[in-house]
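Order of the sequence lines sets the chain letters (A, B, ...), proteins ahead of strands, with each chain counted from 1.
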2 protein chains.
Amino acid sequence: MALLKSFIDVGSDSHFPIQNLPYGVFKPESNSTPRPAVAIGDLVLDLSAISEAGLFDGLILKDADCFLQPNLNKFLAMGRPAWKEARSTLQRILSSNEPILRDNDVLRRKSFHQMSKVEMIVPMVIGDYTDFFASMHHAKNCGLMFRGPENAINPNWFRLPIAYHGRASSIVISGTDIIRPRGQGHPQGNSEPYFGPSKKLDFELEMAAVVGPGNELGKPIDVNNAADHIFGLLLMNDWSARDIQAWEYVPLGPFLGKSFGTTISPWIVTLDALEPFGCQAPKQDPPPLPYLAEKESVNYDISLEVQLKPSGRDDSCVITKSNFQNLYWTITQQLAHHTVNGCNLRPGDLLGTGTISGPEPDSYGCLLELTWNGQKPLSLNGTTQTFLEDGDQVTFSGVCKGDGYNVGFGTCTGKIVPSPP
Amino acid sequence: MALLKSFIDVGSDSHFPIQNLPYGVFKPESNSTPRPAVAIGDLVLDLSAISEAGLFDGLILKDADCFLQPNLNKFLAMGRPAWKEARSTLQRILSSNEPILRDNDVLRRKSFHQMSKVEMIVPMVIGDYTDFFASMHHAKNCGLMFRGPENAINPNWFRLPIAYHGRASSIVISGTDIIRPRGQGHPQGNSEPYFGPSKKLDFELEMAAVVGPGNELGKPIDVNNAADHIFGLLLMNDWSARDIQAWEYVPLGPFLGKSFGTTISPWIVTLDALEPFGCQAPKQDPPPLPYLAEKESVNYDISLEVQLKPSGRDDSCVITKSNFQNLYWTITQQLAHHTVNGCNLRPGDLLGTGTISGPEPDSYGCLLELTWNGQKPLSLNGTTQTFLEDGDQVTFSGVCKGDGYNVGFGTCTGKIVPSPP
Ligand SMILES: [Ca+2]
Ligand SMILES: [Ca+2]
Ligand SMILES: [Mg+2]
Ligand SMILES: [Mg+2]
């Protein structure tokens, strides 16, 4: 079968060919109303313009106003039939042999924008944000450092996808500067606790699922239906202040060590676009309890990479390479577990995977692991470094390599700026 | 000075005299648009009607549409000057010697409703909900039960107000049934973990602060200005499944043991109404770090009571009596700590105090403590009980006793219904 091609020129390295069509929300100018879009090549396609032109002519979307909204929440709530219809309409009108948009100069000028010229914003209202802890390698490394080899992984970890509630208000879009948090760190001996700018600022390489239709309070979602409640995935940097976190987290978990900022990438890649990259999830031993046992247990082959551009330098170094396949608990298990107690999810909720570390030292997903809590500095083209310095820029990228095309996530980036005085 | 009196008849036991005027949001009929209100005696006063009639004639509110909203968020964002102006206008137009509302029969019929006839709803959009752990007695009792006398209170507890992010989606209004959560509990020996309806369902007697104006990401709120960011307080029941919580909470804190439901009372009592009941907060030793050191450290003398009406019975038993004064960390310290890392708060955010236990066994704020983890059943007029049974109803009340009047919170109630099959 010939590869589907668009009339829009898309380079072979692009993350955004017609096979992808990830969703985001953008503003053409900084004072314009936000509008939903998909990415194609170096362009964004304004879905409000396509909707107003009547090109969404399928049964579900033809009278819908979901693309005339400043966020994706209404579209997310509509569920997979609407998502499939939108994808099929967009792949058709963008394809090289369909004239309806290709040959309409007025509509093309109105609906396409250079990606480099527009401002991307957080694409949905996030009612609640949850962060899981689903990589066994990450759990083991944290345990080895803080609890020793005997209790490296707590016994509950193999029985349920551990998670905590995160802070929704401080989720920001890729490109937003991250202000170094101030806070308390462990006291030395009998002295006062440290207070000041964090000395152990870190990133966490994560991805996150965006929830589509939610559930009513008290009505759990079955693990075998969970995929219908997940719209897609994005890249997420769960910035972490290790000194603040270490001092505060017993017994109620991470709080100010995390809540100063969490960066997400602007484009949500749909599960439909990821389908060709689905693969078998790791075998779980002990076997999961029945409510977590899936008929099919799917991970995705997504290559992940972290680049660090140290303050004052022009060159970036790749400091780790990992893969979404390193997750032990699948995103559908995460979602089913989240609701098994009756907790309600809402469209736009964000479910972070937790740090995606692989088994090898060059695949660890944060500086805590990569530098073994600062004991083994990284070599960066001649200099060395442990935790993040002011001015450092951290950039994640993620991509699935298809046969002749990519389905990619673009980048998720942020630069550290100094604490307020 | 003679006591301020309203032309509305208010019994001397009422929680809602003209000195109080707490804010809520109600629907006159189940299909009507929600609207802001204050409580007075047995009535609710529809603030949209008062606003439309032009009775808010002060500088800040005369052209504002904050009471023509389905929630309080816009009013919360306006800050203390607007809150003071609204209070002063409402106390004037409700006073016995002011004819403008008293003698306007049409407006009276339009704007007053019997409280027993209307439906109260969650009065604000809650972007994020945080739960603190601010009673030393509660922290100590939990520590004694789970970690033993040596490490009863972790050293960080005396240095910072410990907290975790809670789940905003499952916050419900008083009167909503609580569905018993299902989940995992500790395995016995080498067996599988327990899975099923929680066997240790508990309440937690709490209050919560409602955030007014928020702060920008990266701009902490000074502890001495924190009170200007707090609109008022309400009663909160942080329902907790102790078996689920105990198995899941290491190392990331409470998650499904809490997220199945949190009940709040419908009326927010303003800090202005509480001012006469302010009192010195406990002396803190060690002294707090400078960012938590307040010029004035204020608690409130609020008597709290929990009644349990066991399934199938008509009589309720008072099972504990506590007081807001039992908090070690003040709500202003909680708020300042929450933002010291730069975390942004938004209008309508909820900051729970944590379980408000007193020093004596009959002032403990949850069944975990009252029954010492089920080992010492409660006596309830002849029967005994440890954790909550299906059909049990738990009702909190809170009141400040003034000279000739109360400033009360009404009640916060919920009934346990069985897990889904
Ligand atoms: Ca994380
Ligand atoms: Ca609590
Ligand atoms: Mg974060
Ligand atoms: Mg709760």
## Note on the structure
Sorted by chain and number, sequence neighbours left out, side-chain hydrogen bond (donor to acceptor under 3.5 Å, both in side chains) with S170(A) holds for none
#### Entry: R182(A)/Y291(B) under side chain to side chain contact (heavy atoms under 4.5 Å, CB included): CA gap, chis, key distance, verdict
CA-CA 11 Å; R182(A) 299 181 307 163; Y291(B) 82 93; 5.8 Å; no
### Task
Please examine the side chains of P420(B) and K219(A), heavy atoms only from C-beta on, and report whether any two atoms are closer than 4.5 Å.
no
### Query
Does some side-chain heavy atom of F195(A) sit less than 4.5 Å from a side-chain heavy atom of V340(B)?
yes
### Task
Kindly write out the residues that satisfy side-chain contact (heavy atoms from CB on, under 4.5 Å) with L252(B), not counting sequence neighbours, or none if the list is empty.
F133(A), I162(A), Y164(A), P254(A)
### Task
Flag the pair H165(B) / T130(A) as yes when at least one side-chain heavy-atom distance between them is below 4.5 Å, and no otherwise.
no
### Message
Rounded to the nearest 0.5 Å, what separates atom CG in L217(A) from atom CD1 in I171(B)?
### Response
11.0 Å
### Summary
Turns out that what part of H337(A) lies under 4.5 Å from chain B's heavy atoms comes down to both
### Query
Quick one: what part of L345(B) sits under 4.5 Å from any heavy atom of chain A, side chain, backbone, both or neither?
both
### Task
Could you pull out the closest heavy-atom pair between S191(B) and R159(A), with the gap in Å?
O-NH2, 4.1 Å
### Query
What part of D349(B) lies closer than 4.5 angstrom to a heavy atom of chain A: side chain, backbone, both or neither?
side chain
### Message
With a 4.5 angstrom heavy-atom cut-off, is it the side chain or the backbone of E192(B) that approaches chain A, or both, or neither?
### Response
both
### Which portion of H338(B) sits near chain A, non-hydrogen atoms under 4.5 angstrom
both
### Heavy-atom pair with the smallest gap, counting every atom of A168(A) and G127(B)
CB-O, 4.5 Å
### Choice from G218(B), S169(B), G253(B), C343(B) maximising heavy atom contacts with chain A below 4.5 Å
S169(B)
### Query
If we only count heavy atoms from C-beta on, is the N341(A) to F255(B) side-chain gap below 4.5 Å?
no
### Task
Pick whichever of G342(B), G183(B), P181(B), P193(B) has the most heavy-atom pairs under 4.5 Å with chain A.
P193(B)
### Query
Looking at L256(B), D131(B), I179(B), which has the largest count of heavy-atom pairs under 4.5 Å with chain A?
L256(B)
### Query
Which bit of R147(B) is near chain A, if near means a heavy-atom gap under 4.5 Å: side chain, backbone, both or neither?
side chain
### Query
Does the D128(B) side chain pair with the main chain of R167(A), one donor and one acceptor, at a distance under 3.5 Å?
no
### Query
Where on P290(B) is there a heavy atom nearer than 4.5 Å to chain A: the side chain, the backbone, both, or neither?
neither
#### Entry: Atom group of V172(B) that falls short of 4.5 Å from chain A, counting heavy atoms
side chain
### Query
By a 4.5 Å heavy-atom criterion (distance strictly below it), what part of L292(B) contacts chain A: side chain, backbone, both, or neither?
side chain
### Task
Heavy-atom pairs under 4.5 Å with chain B are the metric here; pick the option from L289(A), T339(A), V417(A) that has the most.
L289(A)
### Query
Given a strict heavy-atom distance threshold of 4.5 Å, which part of N154(B) is in contact with chain A: side chain, backbone, both, or neither?
side chain
### Task
Could you tell me whether a side-chain N or O of E248(B) sits under 3.5 Å from a main-chain N or O of N156(A), the two making a donor and an acceptor?
no
### Query
chain B: which of P286(A), G143(A), P155(A), G166(A) shares the most heavy-atom pairs with it under 4.5 Å?
G166(A)
